[in-house]
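To keep things clear, I will list the structure first and then write my remarks on it.
This one's a predicted model, so the numbers in the text were calculated from it and none came from an experiment. A note on names: the letters A, B, ... follow the listed sequences, proteins ahead of strands, and every chain is numbered from 1.
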Amino acid sequence: MPELPEVETMRRGIAAVRGARVAEVVRPRSRLRPMTIEPAGPRLRARLRGAAITDVDRVGKRVVIGLDTGERLVFEPRMTGLVLLRDPPTDEHVRLRLALEGAAWPELIFWDRRGLGTVRLLDEAAFRAACGPPRLGPDALGLPAEALRARLEGRRRPIKVALLDQAALAGVGNIYAAEALHRAGLHPARPCDGIAPAEWAALHRALQGVLEEAIRARGSTLSDRTYRTAESAEGGFQASHRVYARAGQPCRGCGAAVVRIVQAQRSTFFCPGCQR
DNA sequence: CGTTCAACCTGGGCGC
DNA sequence: TGCGCCCAGGTTGAAC
């Protein structure tokens, strides 16, 4: 679920925990298979209790909590994870609760229905390995046009597949790759090594525009209504989707039916009339 | 290099 | 009601 705009919305939504100290760490028992929370066992609690939150950042699709111990707590929501201040959609899918003291808000919750997400407490070296190059490329938000092109051009793979490559640039997922390509008028199957300079420029404008608008709308809550902001509100950008999850419906630009294809085992939506 | 498949999980929706 | 499919914002590793 959460791509860059949704994770950025979560990050902004939990700003109130800055300055707090971790009073308690709770991993509720449940019938569900346990998801990845590291370190396992009592060691997470031992390392987190008493730590103060100094920063609330984002890298790609991850929320990064900086601590005065020098370690970082990294939340990776993957498909159905949420970083919440309040009102989790269900109790049984609450995977981690941090009780806080000394700040504007008393708790932080990680909720995940499918449990494919991860929470990891990392020291400086482990954080660099997990969230820096070559594992993750530069963040897509605010990436200069020349950098976008330099990171993606030259190879034969389809532009849609390249946009999803987190090692090339971090943060773009299935929704915003499709929406950016539609705005740029680029067919998702176009090989990167055949894209002209003017098309790279158009793609850069389209990508920055769609990410900024989606953040302003607090992200996209799809039809299963899983994604929520930290305050448990739905996002609003789904109403502005031009192609994503709209197979068979008319393109809002030219009226042609939106098509669904599969690339790299993921759905791709595009308009055959507008995208060449 | 590019592509394909399977796996990790839970749950909603659909056809029968 | 239930069963069996297919689908889903993501990532990883193996195989060809």
Side-chain angles (χ1 to χ4, degrees), chain A residues 1-11 30-38 58-63 74-83 88-95 110-120 129-131 134-137 140 152-180 188-194 210-211 214-215 217-229 234-241 243-248 260-269:
Chain A
M1 151 236 293
E3 305 181 26
L4 188 154
E6 289 75 30
V7 179
E8 175 63 15
T9 301
M10 293 176 194
R11 184 192 75 78
S30 85
R31 64 177 181 88
L32 302 168
R33 303 191 77 133
M35 54 162 276
T36 297
I37 298 179
E38 292 174 353
R58 178 188 59 76
V59 47
K61 303 174 189 175
R62 302 162 192 196
V63 173
V74 178
F75 295 95
E76 189 177 358
R78 302 257 179 117
M79 292 291 271
T80 52
L82 299 173
V83 179
T90 62
D91 286 338
E92 68 177 339
H93 302 93
V94 171
R95 310 291 181 144
F110 189 79
W111 181 95
D112 193 344
R113 173 151 41 78
R114 288 171 69 179
L116 298 176
T118 66
V119 179
R120 297 178 203 269
C131 298
R135 196 172 188 87
L136 289 189
L152 301 184
E153 74 177 348
R155 293 169 60 178
R156 195 180 307 265
R157 63 180 175 174
I159 183 62
K160 158 64 160 40
V161 174
L163 284 168
L164 293 187
D165 179 357
Q166 302 299 296
L169 77 166
V172 179
N174 220 23
I175 296 174
Y176 299 103
E179 294 298 317
R190 285 277 299 278
C192 290
D193 62 5
V210 78
L211 293 176
I215 291 168
R218 284 169 282 100
S220 299
T221 297
L222 302 182
S223 58
D224 73 356
R225 304 185 63 224
T226 298
Y227 164 70
R228 302 300 165 96
T229 70
E234 293 191 5
F237 193 69
Q238 63 281 358
S240 301
H241 291 180
V243 288
Y244 183 80
R246 296 191 65 246
R260 173 185 179 269
I261 60 174
V262 174
Q263 295 177 288
Q265 284 65 246
R266 313 287 307 277
S267 288
T268 298
F269 300 91

For this session: Measure the acute angle between the ring planes of A:F237 and A:Y176, then classify it against the limits of 30° and 60° as parallel, tilted or perpendicular.
Result: tilted
To the nearest Å, how far apart are [X] [atom1] and [N] [atom2]?
| X | N | atom1 | atom2 | answer |
| --- | --- | --- | --- | --- |
| A:D165 | C:dT12 | CG | P | 10 Å |
| A:M10 | C:dG10 | CE | P | 12 Å |
| A:L164 | B:dT4 | CG | C1' | 16 Å |
| A:R156 | B:dC1 | CZ | C1' | 9 Å |
| A:I37 | B:dC8 | CD1 | P | 19 Å |
| A:E6 | C:dA8 | CD | P | 16 Å |
| A:Y227 | B:dG11 | OH | P | 21 Å |
| A:F269 | C:dC7 | CZ | P | 10 Å |

Please state the [atom1] separation for the pair [N] and [M] - nearest whole angstrom.
| N | M | atom1 | answer |
| --- | --- | --- | --- |
| C:dC6 | B:dC5 | P | 14 Å |
| B:dC1 | C:dG10 | C1' | 23 Å |
| B:dA6 | C:dC5 | P | 15 Å |
| B:dC9 | C:dG2 | C1' | 23 Å |

Exercise. Starting at the 5' end of DNA chain B, which residue's closest nucleotide do you reach first, A:R155 or A:Q265?
Worked result: A:R155
With a 4.0 Å cut-off on heavy atoms, is [X] in touch with a base, just the backbone sugar-phosphate, or nothing at all?
| X | answer |
| --- | --- |
| A:P158 | sugar-phosphate |
| A:R135 | sugar-phosphate |
| A:G115 | nothing |
| A:E92 | sugar-phosphate |
| A:Y176 | nothing |

Looking at [X], I'd like to know whether one of its side-chain N or O atoms comes within less than 4.0 Å of OP1 or OP2 on [N].
| X | N | value |
| --- | --- | --- |
| A:H93 | B:dC9 | no |
| A:R113 | C:dA8 | no |
| A:R33 | B:dC9 | yes |
| A:R31 | B:dG11 | yes |
| A:S267 | C:dA8 | yes |
| A:R266 | B:dC5 | no |

Exercise. Do A:R260 and A:S267 have side-chain atoms, one donor and one acceptor, less than 3.5 Å apart?
Worked result: yes
Which nucleotide, [options], lies nearest any side-chain atom of [X]?
| X | options | value |
| --- | --- | --- |
| A:R157 | C:dG10, B:dT3, C:dT11 | B:dT3 |
| A:Q166 | B:dT3, C:dA8, C:dT11 | C:dT11 |
| A:L116 | B:dT3, B:dC9, C:dT11 | B:dC9 |

For this session: Quick one: closest heavy-atom pair of A:P77 and A:V7, and the distance?
Result: CG-CG2, 4.5 Å
Problem set entry | Nearest heavy atoms of A:C131 and A:V74, plus distance in Å | SG-CG1, 4.4 Å
Exercise. What residue among A:H241, A:E234, A:Q238 forms side-chain hydrogen bond (donor to acceptor under 3.5 Å, both in side chains) with A:S220?
Worked result: A:H241
Exercise. For the side chain of A:R225 and the backbone of A:Y227, is there at least one donor-acceptor N/O pair under 3.5 Å apart?
Worked result: no
Seminar exercise, completed: Taken to the nearest 0.5 Å, the spacing of A:E3 CD from A:I175 CD1 works out to 4.5 Å
Seminar exercise, completed: One should read off an interatomic distance between A:I215 CD1 and A:E8 CD, to the nearest 0.5 angstrom, of 5.0 Å
For this session: Please step through side-chain contact (heavy atoms from CB on, under 4.5 Å) for the pair A:F110 and A:T118, ending with a clear verdict.
Result: CA-CA 10 Å; A:F110 189 79; A:T118 66; over 6 Å; no
Seminar exercise, completed: With both pairing distances under 3.5 angstrom for Watson-Crick or G-U wobble, and | for a partner in another strand, the correct string for DNA chain B is .|||||||.|||||||
